[in-house]
Amino acid sequence: MARCVQSVQEFVQDSFVPMVAVLCSEEAERVTRKNNLNFAELLRPFCRLTSEGHIRDPNNQVQVVKNLRICVNNMMICPNTVSGALSATQRRLLNEVVLSCQPQEGALSSVITAGDYNLNFSATTPWFEAYRENFLQSMPASDHEFLNHYLACLLVVSSTEAVPVEQFLKLSQEQHRIQHSGEYSSPKWFIPNTLKYYVLLHDINEGEEQRADTLYEDMKQRYGPQGCYLLKINSRTFSSEDDEQIPDPWIYCLKCFLSGIVSNSIESHPLQLDTVSSSGNLQTVSAVNTNLKKEARDPESLAGASVSHGTCLTLNDHDRIRQFIQEFTFRGLLPHIEKNIRQLNDQLISRKGLSRSLFTATKKWFGGGKVPEKSISEPKSSCGLQYPPEAPELQIRKMADLCFLVQHYELAYSCYHTAKKDFLSDQAMLYAAGSLEMAAVSAFLQAGAPRPYPAHYMDTAMQTYKDVCKNMVLAERCALLSAEILKSQGKYSDAATLLIKMTSEDSDLRSALLLEQAAHCFINMRNPMVRKFAFHMILAGHRFSKAGQRRHALRSYCQAMQVYKDRGWSLAEDHINFTIGRQSFTLHKPKDAVTAFRQILTNGSRQTATQQGAFLREYLYVYKENEVSLPHLPLPCINSSATRVYFGRERRLAEGEKQAATHVSLDQEYDQDLAAMWCQLEEQLVASANRGIVPVNFLPTQFCLNSKTDNLRNPLAVVEEPIIVEVMFRNPLKVSLALSKLSLLWRFTPYSPSEEKTTEELAGETITNEETLALQVGCFFNATLTQSVNFLTSTGQQKMDTMMVYGRQDLKIQGPRLNQTKEDKMSVQHGPDRRLNPIITPPMPLMEVFFLQFPTALLCGEIRKAYVEFCNVSGVALSGLRVSSTHPDFFTFGSQATTPLTPLSPTSAENCSAYKTLATPLQPDFVATEMLVSAEDFSQPSGVMEIPLNGNMLQPGESTQLPLWLRGPDQEGVHEINFLFYYESTEKGNKISHRVLRHTVFICASRSLSVQASACRSSASHHSLDNKGNCGTLVFIDVENINTSEAGVREFHIVQVSSSSQHWRLHKCINPGEDNDCKLTSRERAKLCFKATRCTPYQGNLYWGKNKKCSSSKTSSSSKSQTSVPTEDRISDVANIIKKCNELDLNLIVIWKAYVVEDNKQLILEGQLHVALQTIGKECSSLTLKEEAQEMVLLKFKSELPPPVVLPSADLSQLIKTNLHYPETYTHPFVQDSLCVVPVTLTLSNCSLAQVDVIIDLRHKSTSPESLDVHSSFSWVGQTQYKLQLKPQEELCLTLRACFLKAGVYNLNTLRIFAKPIEQGTMCETSHQTASPALIIINNA
């Protein structure tokens, strides 16, 4: 149970106090009414004695009476029989007492930590204490006990009466008539000889004090000095201007006891002294009842009531009243009680002289003088036996009650215990239950606790009251007393069980209060039972609500919510929040109601659609009643972190043949890799515009901001350009919501206070059940979303209900969690997110890009012409137009000057040719011709390309159109190609230095031709050198048609073969066919062989065919190898020397035409394929081979030393290239001269970039199989060994002489040549002997 102000001993003692009745004359009542009080109310604040009293028990032992309080009430009569239940009026007044006592705001609260629960609730329950006190005060008197029977009666007469003695006599006779006539069941009297105490009330301001003293002396002579008293009051007038502040002790007393008085007055008639008196008492009762109702409905009126009490009383008057109570108690009441205890004890002792067995037998057979109203066969009836007033059992009970009232608990317990046995033997269960109850209380109150508290007595008594006697009032009193006692002993579990047993359907208020106290018992246990506390608080709140106690119901549900909140009890949370919302709205707390209903609708409710509809209907009704101008709506839920902000205009759709640049739209999902790619392209463009340097303050342009972008800085927006905000809505309910009239509130702060403006409205969209829908809303800057929500519930096509509210929702975006410093890691801190706080900058140029005739499918290597249009749609001129791409080899720009004959809409593919056709005359002995092309046509491609504009500027509103040459990718499949256009403003100094425009295209490439090429060194003789003295390299080209006719391609024509190398040019075609155009149908293959010779750097040539094709758009240059010419620095690494020796760096371009049939029309497509030959002897292809899967390698747990690197002799042998120059036939007259000497020239070429040592040995005889078939009997004459040193790429000629003895065919390839770099220690023989034999024919003349 909750903590109480009183201790348990004080509570039990104050529950049973001596009762004193009051009878006043009309004049005495008038005197007291000057203070807005009747006489009983006047005495009530002073009814607790401040000093100790003494009585003597039957054993003549002095008993001390401490802290005694008496109860003084006006005597009210009731002719009706009192039942065992409270009347409807009494229940209503108790309900109002509880209603008037509410917890104060800011009152002391208890914080209990149990596990991970932190509960904050009221430590005390003053409403329960007020109910308990008023309940005990308003209990009807019963015949089975005497605790609430009147012991004495105060007869009050004013000193202003003409004959006060006659009035005393009249009041005394009236009291005697009421007590002994038997006409009235109420009030009940303790003993027949009731103490009558005569009080003469003197008004100091009205009456004569001397006359009052004289009357008092006469009274002492008549009634004795201990039976009367002179009370003087009203020392000051009501209108006196006294600055002295007199305390008002009646506020609390009247608040506590008002209901008890009124409960007795409602069904009772006032004392019928005379007509005037009767009417005065009725007014009193009516006024009291009216004031109580008013104060109960207005709790604040109790704290500061407008009616003041005791206005004519001074502090001396207070002391006189206090002295009067003390005199009455000590000199009148306590002696009267002591006397009656002795008399009852003597009667009991005299009766004990009889035989106990005979006495018991007499009671059993003859009833002991009792008059049974029912048959003995019904012993368990609550009224089975009615004892007469003089019955000895009742005398024992009466003595026990008297002892209990004067705090003689030991004697009281003995008497209760004795009476209990007698009542049980008689089966008088109501009397037995009363004795058990008071015996348990007496045992508990005994000083020193000689015996433990018999809780089973209380349980038996309560069960008897409840089940046998059907008296819930007595059962409730028993439960209240026992629970408080058990709580004081720390037995909270037993107390809670006892309280829960007393809940029933007959009284919602009682059940609510007891359930609340049971909940407090659970939370105050040594191990708090938190969930039981919450559950019983919910039950208490429900019963409070049924009893009309809405404030207490709301408080109970709010306290229970602390336990259920965010614990996964979603259905329980919904019920609690719904109840809190309803009660708050009823109590005129719309904000609390809105908060509670918001929790129901936004916490992922698992209720059915019908229940959710009911919740939503209540919520919307509360919103409509709320008088807030623009309330915050909880529905639909907004995922603020998913809010996306787009800066700039939305891209245009295609206009006819024009295709707009894709740029950025809200339909695109954010991709981290794509963002990095665009950032890299923008860096290239910025570096190109700033002389190759990226500025330190460079930040990539972000068009669309979301939760994954960098939002730490304020984004930049351009004035008069839209900002598009995408808000993610989610409907958590199973009920449809219709959103309409959506708009965004925004704030713009130039240099003055912000002001809100509302942008254009947007038509609503309906959110279907359990779906998430993103609504795009256009505005200039977003701060708050306003919307009206329609609630729709429908069955089939019939609309059942529609409600609409208008409100707002704030977009509050939480930034990313900080995790940089130690403090950030130790705590949860979030950085800023400024995506909704843009900085508006001055006007900037805005460009739109359109593409015309842009293909979606190309053949591999196909050249196609398209057009691009640049439009400046802003009011600012733009310049510095550039473009960067992930595939710079895919496109190049032309200009209107270079292609003036190109129509905008060509009628045939020939008009869109990418080549200039140069006619050459056909010569009779034509094999092939060559043509040199300037280096500008084959310049190195760059990742950034400047776009030519007239005047390098595009004025506002202007547009320009340029041709765009495209080349199909070499690899088949779908290719994603990204363009990034860059432009600047002509006005410098803006915060935005540049702007970019994105475009992404997808090209589907189909197969065309496959070109494979390889190169080997030519072994031509010295006489076959070109006119510049350069020996060549043989280039073999294998062209295959791998097209499967998917695109309707009929055949390919090889039009031209070109070289774009800086160091090589094609010299001539060795094996030309009959037709200069090589035609290839499906799966056909052609083989071509060319001779390539070195040329001056930065020259190229085009070779093959009659008409030479010269690219007018530098398209062929895009496939050039990026390998640069190495420097002539000394290379010490032998492996690098050999590698450089075999490098070729020859780029081949194969130009073709394809004849395509489409829609019964023949089209001619052009294209070119590229092959980059890097190494001699290695075959290269125009197609990229797919990487083969790597073979599985066995794991080795022990590392092995790598074998030493041994350079193969085949690699070293390629350092030197040798050629023998000699006549094929030689005629010599052997008859005249037997020795034939033939001069032979040996040419040595250093193929490397390092100095090489060479040794030539002529003494070796060839043993190769090829030379066995020819004569080998010749000798080299002259010097037979040479040691030479060749510089890098040096050629050296030696003249040798061969001597023949007879005619025949001889192989001159018998010499051995060794070569090594200068740094290398080992010579290696060259591989010239493995070549074809050098045959010479010697003829005899």
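Residues: numbered from 1 along the sequence shown.
The two atoms that bring Val1049 and Asn1043 nearest to each other are CB-OD1, 3.7 Å, heavy atoms only. Asn1309 and Ala1334 make their closest contact through CB-N, 3.9 Å (heavy atoms, listed as atom of the first residue, atom of the second, distance). Summarising the geometry of Asn1041 relative to Leu1080, their closest heavy-atom pair is ND2-O, 3.4 Å, with the distance given to 0.1 Å. Smallest separation of non-hydrogen atoms from Cys860 and Ser1008: O-OG, 2.7 Å. Nearest approach of Lys1178 to Leu1173, heavy atoms of both residues: O-CD2, 4.2 Å.
Met945 places a side-chain heavy atom less than 4.5 Å from the side chain of Phe893. Within the 4.5 Å cutoff, no side-chain heavy atoms of Leu1163 are placed close to those of Val1157. Counting heavy atoms from C-beta on, the side chains of Ile1042 and Leu1183 come closer than 4.5 Å. Put simply, the side chain of Leu1088 does not reach to within 4.5 Å of the side chain of Val1150, judged on heavy atoms. Inter-residue side-chain proximity for Thr1243 and Leu1292 is flagged as unmet; no heavy-atom pair is nearer than 4.5 Å. The shortest side-chain heavy-atom distance between Phe890 and Ile1003 falls under the 4.5 Å cut-off.
Counting only distance, with no hydrogens or angles, the side chain of Ser1182 and the backbone of Val1011 share a donor-acceptor pair below 3.5 Å. Between the side chain of Glu683 and the main chain of Gln680, no donor-acceptor pair closer than 3.5 Å is present. In this structure a side-chain-to-backbone donor-acceptor pair under 3.5 Å is present from Ser1059 to Trp1064. The closest donor-acceptor contact from the side chain of Tyr1222 to the backbone of Leu1335 lies under 3.5 Å. One N or O on the side chain of Arg967 and one on the backbone of Gln1168 form a donor-acceptor pair closer than 3.5 Å.
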Test side-chain contact (heavy atoms from CB on, under 4.5 Å) on Val1035 and Leu1148; report intermediate values, then the result. CA-CA 10 Å; Val1035 178; Leu1148 299 176; 3.7 Å; yes
For Phe891 and Phe979, run ring pair (Phe, Tyr, Trp, His ring centres under 6.0 Å): C-alpha distance rounded to whole Å, both residues' side-chain angles, the deciding distance at 0.1 Å, then the answer. CA-CA 10 Å; Phe891 70 99; Phe979 299 87; 4.9 Å; yes
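Gln853 and Arg864 share no donor-acceptor pair across their side chains, judged by distance under 3.5 Å alone. Using modelled atom types and a 3.5 Å distance limit, the side chains of Asn1246 and Glu1290 yield no donor-acceptor pair. In this structure, a donor-acceptor pair under 3.5 Å is present between the side chains of Thr1000 and Asn978. When only modelled atom types and interatomic distance are considered, Gln684 and Ser884 share a side-chain donor-acceptor pair under 3.5 Å.
Residues forming a side-chain contact (heavy atoms from CB on, under 4.5 Å) with Asn950 (at least two apart in sequence, or on another chain): none. Take Phe1036 and apply the ring pair (Phe, Tyr, Trp, His ring centres under 6.0 Å) test, not counting sequence neighbours, and it matches no residue.
Aromatic ring pairs are classed by plane angle as parallel below 30°, tilted from 30° to 60° and perpendicular above 60°; the pair Phe851 and Phe981 is tilted.
Two rings, from Phe1052 and Tyr1155, have their centers 6.0 Å or more apart.
Separating the OG1 atom in Thr1033 from the CG atom in Leu1066 is a distance of 11.0 Å, to the nearest 0.5 Å.
A salt bridge links Glu972 to Arg1007: at least one charged side-chain nitrogen sits closer than 4.0 Å to a carboxylate oxygen.
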